[in-house]
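Quick notes on the structure that follows.
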There are 2 protein chains.
Amino acid sequence: MPEDTFLSLQPALLGFFINAPRYAYDLSREFEHDLGRVWRLGRSLMYAQLKELAEQGYLAMDVVTQPNRPARKIYYLTDAGRIRFAQWLNQPTMHIRNIRVEFLVRLYFFRTLNLPGLQELVTKQKAVLGEMEDALEKNAGDIQDDYWRLVVDFRLGQIRAVQQWLELCLQTV
Amino acid sequence: MPEDTFLSLQPALLGFFINAPRYAYDLSREFEHDLGRVWRLGRSLMYAQLKELAEQGYLAMDVVTQPNRPARKIYYLTDAGRIRFAQWLNQPTMHIRNIRVEFLVRLYFFRTLNLPGLQELVTKQKAVLGEMEDALEKNAGDIQDDYWRLVVDFRLGQIRAVQQWLELCLQTV
DNA sequence: AGAATCATGTAAGGGGTTACATGATTCG
DNA sequence: CGAATCATGTAACCCCTTACATGATTCT
């Protein structure tokens, strides 16, 4: 998807290290099980991502050698990583098309890590969606073109569906 | 957007050649004006895509030299191209996340080229969406996990919003 | 005996974006 | 006189996917 913005999901991986150090292979299995249907991330890429997060200083690494196996590279969170994750987690996503995966992943962490702040995040996210709506409706005002109006209506429909879902989300949690 | 399927938009470009031959620069300007807010496609990529479509036999090319300018490469539709476009146009999109751009682009062509068959396409698209719904609701039955239920509800919300929009679409046209 | 699991990755490829190159002409 | 337009692209880069490599162990 080729467009003006991209998914910001790399910091999300840090969440898996909150409770304990992990190595990539192990994490990849759990990841696939828990989030595989929401966020697809192949094993190869997992290795690469953890390496990158380490280069950025959010993870640090211990190497544990074992007989007859490749050495395990066990990653753990640094302080910077802990901060980065918290920051990522509590940020609303700015683009509708990313909400599906980004918000659902955030929700996953709020639940599995039993973290506070979901309500605030939902509030922020609703505000962002509200702004999107306003922006669309504003330039929907000067639409004489039927086609562009349909485009706008499509987007409004998607946004409003998300807003309703966010309500449901609050009730469930 | 890295996932299990990809956008099928290349054949859509053929639609711009239905009424007249074009060259890439010219097309790129019109494209940006008409569809720029729905489908982003840089000029460089336009050149590459037309070249590819020509290699695939859907477009053919004449070179028109002009003084003091690079030669114009004017592309026109082949019979194969005409068929390919019609086939693409009347196909529903199979993945929710692609509907926004694919369906809206199809709609654009139905309108600007004044083509018949939109109603049939909408019917097919609704059927596809109905199947998605069923599939989700089926394995929503054996959900005890709250999280997975929210994921399913999110998707159902998006699907239903599209279904409603499709109705609106029929009324407008 | 053959397949899957454990554990690491590398390499190649796909498909798109951004930046850069060229060179005349016309606009402000 | 400098910037934008016309018209073509190429090249580098980014990010992700798929395929492949290794080599012991355990499951069927």
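Residue numbering restarts at 1 for every chain, and letters A, B, ... go by the order of the sequence lines. Below, each value reflects all heavy atoms present in this structure, side chains not excepted, and no hydrogens, waters or symmetry copies.
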What is the distance, rounded to the nearest whole Å, between atom [atom1] of [X] and atom [atom2] of [N]?
X	N	atom1	atom2	result
B/Ile74	D/dC6	CD1	P	16 Å
A/Asp26	C/dG9	CG	P	14 Å
A/Leu41	D/dT18	CG	C1'	14 Å
B/Leu27	D/dT8	CG	C1'	14 Å
A/Met46	C/dT8	CE	P	11 Å
B/Arg43	C/dG16	CZ	P	18 Å
B/Phe31	D/dA7	CZ	P	19 Å
A/Glu52	D/dC16	CD	C1'	11 Å

Geometric cation-pi criterion, A/Arg100 with A/Trp39: 6.0 Å, 45°: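 No - A/Arg100 does not lie over the ring of A/Trp39 by the 6.0 Å and 45° rule.
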Kindly point out which of D/dT8, D/dC16, C/dA7 is positioned nearest to the side chain of B/Lys73?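 Of the candidates, D/dT8 comes closest.
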Which one, C/dT18, C/dG16, C/dT8, comes nearest to the side chain of B/Leu45?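 Comparing C/dT18, C/dG16, C/dT8 against the side chain of B/Leu45, the answer is C/dG16.
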Hey, is the side chain of [X] poking within less than 4.0 Å of OP1 or OP2 on [N], counting only N and O atoms?
X	N	result
B/Tyr23	D/dT8	no
A/Tyr25	C/dC6	yes
B/Arg29	D/dC6	yes
A/Tyr47	C/dT8	yes
B/Gln66	D/dT8	no

Report the C-alpha distance between B/Phe85 and B/Phe109 in whole Å, list the side-chain angles of each, state the deciding distance to 0.1 Å, and finish with yes or no for ring-ring contact (aromatic ring centres under 6.0 Å, His included). CA-CA 10 Å; B/Phe85 177 68; B/Phe109 284 117; 5.2 Å; yes
Return whichever of A/Gln49 or A/Pro70 has its heavy-atom-nearest nucleotide of DNA chain D closer to the 5' end.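 Comparing both residues, the 5'-ward one is A/Gln49.
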Evaluate the ring-ring contact (aromatic ring centres under 6.0 Å, His included) criterion for residues B/Tyr108 and A/Tyr147: first the C-alpha distance (whole Å), next the side-chain angles of each, then the deciding distance (0.1 Å), finally the verdict. CA-CA 7 Å; B/Tyr108 168 81; A/Tyr147 179 68; 5.7 Å; yes
Over all strands shown, is B/Gln10 touching base, sugar-phosphate only, or nothing at heavy-atom distances under 4.0 angstrom?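 The answer is nothing, as B/Gln10 stays clear of every strand by at least 4.0 Å.
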For a quick check of understanding: with a heavy-atom distance under 4.0 Å over all strands, which category does B/Ala48 fall into, base, sugar-phosphate or nothing?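 The answer is nothing, as B/Ala48 stays clear of every strand by at least 4.0 Å.
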Want to settle it: does A/Arg72 or A/Lys51 sit nearer the 5' end of DNA chain C, counting the closest nucleotide to each?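 Of the two residues, A/Arg72 wins.
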Apply ring-ring contact (aromatic ring centres under 6.0 Å, His included) to the pair A/Tyr75 and A/Tyr23, showing each step before the final yes or no. CA-CA 6 Å; A/Tyr75 291 94; A/Tyr23 54 100; 9.8 Å; no
Quick check: any donor-acceptor pair below 3.5 Å linking the side-chain of A/Ser44 to the base of C/dT10?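 Counting by modelled atom types and ignoring angles, a donor-acceptor contact under 3.5 Å is found here.
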State, to 0.1 Å, how close B/Phe31 and B/Leu13 come at their nearest heavy-atom pair, and which atoms those are.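 Nearest pair, atom of B/Phe31 first, then B/Leu13: CE1-CD2, 4.0 Å.
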